[in-house]
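Okay, so here's the structure we're looking at.
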Amino acid sequence: MKEILQKLIDGEISAETAEKMLKPMQILELEDFAKIDVCRDIRTGVPEAVFAEGKENDEIVKILLNSTGNGRIMVTRLIKERFENIKDELNPLIDKGFKVVYNRRAKILMVKNHEATKIGKIGVITAGTSDIPVAEEARVVAEEAGCEVLTSYDVGVAGIHRLFSQVRRMIESNVEVIIVVAGMEGALPSVVAGLVDVPVVGLPTSVGYGVGEGGFTALYAMLQSCAPGIGVVNIDNGYGAAIFASTIIKSRQKHL
């Protein structure tokens, strides 16, 4: 890439030629099972994410060993047993100076040789303790996107008095976005959005039973909220909520 850019600077090639030469470098093809966006971190500030479900352990290992050219890559929805089965095979990365960090609750494996550039601050709130695994996925991803994250867990509408001091703490700490994680009836994002003047990301979880089973009641409630300023992501999509929240912060900074 540096050679191509130097030729462009020296006038040896045109901008159009440089673009054509750089495009193939954005994708790393691994045999017939993966095409990795190796420039995602440079382009977006968020490392390439590999969804573990549906992939064989040896495929995940090959991806990690071959996709760290830009310094960071994450694996999502990787259960602890699978991490234990592959961790010794990642020793070559450790030998090269990479950190291999696994978060059991978030089910995220992070491989990196540098930290994210700080961009801002977000809050993550859960309605219940059972929502914490999804919230932790959001927290870890948001941190890798460069956000400082303030958390407050188990402050849902079943004991609404628990919420107010935590919301106050986040606003006083100047969070720019709040991710609100809730299952069951999914009411908490509406309550929070009615109390704050920053964007709220509603993150429904599959925690619930009866008509709430699977998270659809929470999803529909968040989509139907009468409180303004709520954006809603898919059920259990902590990754998507974090990317959305960090994108809001980045977009605001561009216009400052």
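Excluded from the calculations below are hydrogen atoms, water molecules and symmetry mates; all remaining heavy atoms, backbone and side chain alike, are included.
Crowding of R169 atom CZ: a count of heavy atoms from other residues, nucleotides or ligands under 6.0 Å exceeding 12. Atom CZ of F83 has more than 12 heavy atoms from other residues, nucleotides or ligands within 6.0 Å. Shown here is Q224, whose CD atom has no more than 12 heavy atoms of other residues, nucleotides or ligands within 6.0 Å. For Y153, the OH atom sits in a packed shell: over 12 heavy atoms of surrounding residues, nucleotides or ligands are nearer than 6.0 Å.
Under the salt bridge (charged side-chain N to carboxylate O under 4.0 Å, His left out) criterion, E143 pairs with R139, not counting sequence neighbours. With sequence neighbours excluded, no residue forms a salt bridge (charged side-chain N to carboxylate O under 4.0 Å, His left out) with R82. Qualifying side-chain hydrogen bond (donor to acceptor under 3.5 Å, both in side chains) partners for E176, counting only residues two or more places apart in sequence or in other chains: none.
A salt bridge is defined here as a Lys NZ or Arg NE, NH1 or NH2 lying under 4.0 Å from an Asp or Glu carboxylate O, and E115 with K99 meets this definition. Using a 4.0 Å cut-off between charged side-chain N and carboxylate O, R77 and E137 make a salt bridge.
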Item to check | Pair V233-I243, side chain to side chain contact (heavy atoms under 4.5 Å, CB included): steps then yes or no | outcome: CA-CA 10 Å; V233 298; I243 298 300; over 6 Å; no
Checklist entry - Going through the checks in order, is the side chain to side chain contact (heavy atoms under 4.5 Å, CB included) test met by V167 and I125? => result CA-CA 9 Å; V167 170; I125 294 174; 4.3 Å; yes
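L64 is listed as a side-chain neighbour of I60, based on a closest heavy-atom distance under 4.5 Å. Counting heavy atoms from C-beta on, the side chains of I132 and R105 come closer than 4.5 Å. The shortest side-chain heavy-atom distance between V140 and M74 does not fall under the 4.5 Å cut-off. A 4.5 Å side-chain heavy-atom check between I94 and N91 finds at least one atom pair inside the cut-off. For the pair S152/R162, no side-chain contact is recorded, criterion being any heavy-atom separation below 4.5 Å from C-beta on. Residues T126 and V134 form no side-chain contact, since every pair of their non-hydrogen atoms from C-beta on lies 4.5 Å or further apart.
Of all heavy-atom pairs between D236 and S206, the closest is OD2-OG, 2.7 Å.
L163 and I179 fall into different hydrophobic clusters, where Ile, Leu, Val, Met, Phe, Trp and Tyr residues are linked whenever their side-chain heavy atoms come under 4.5 Å apart, directly or through other members. V149 and I178 are members of different hydrophobic clusters when ILVMFWY side chains are connected at heavy-atom separations under 4.5 Å.
Put simply, the side chain of E89 never gets that close to the backbone of I86: no donor and acceptor are under 3.5 Å apart. Between the S225 side chain and the A227 main chain, a donor and an acceptor come within less than 3.5 Å of each other.
For the atom pair L203 CG and L188 CG, the distance stands at 11.5 Å (nearest 0.5 Å).
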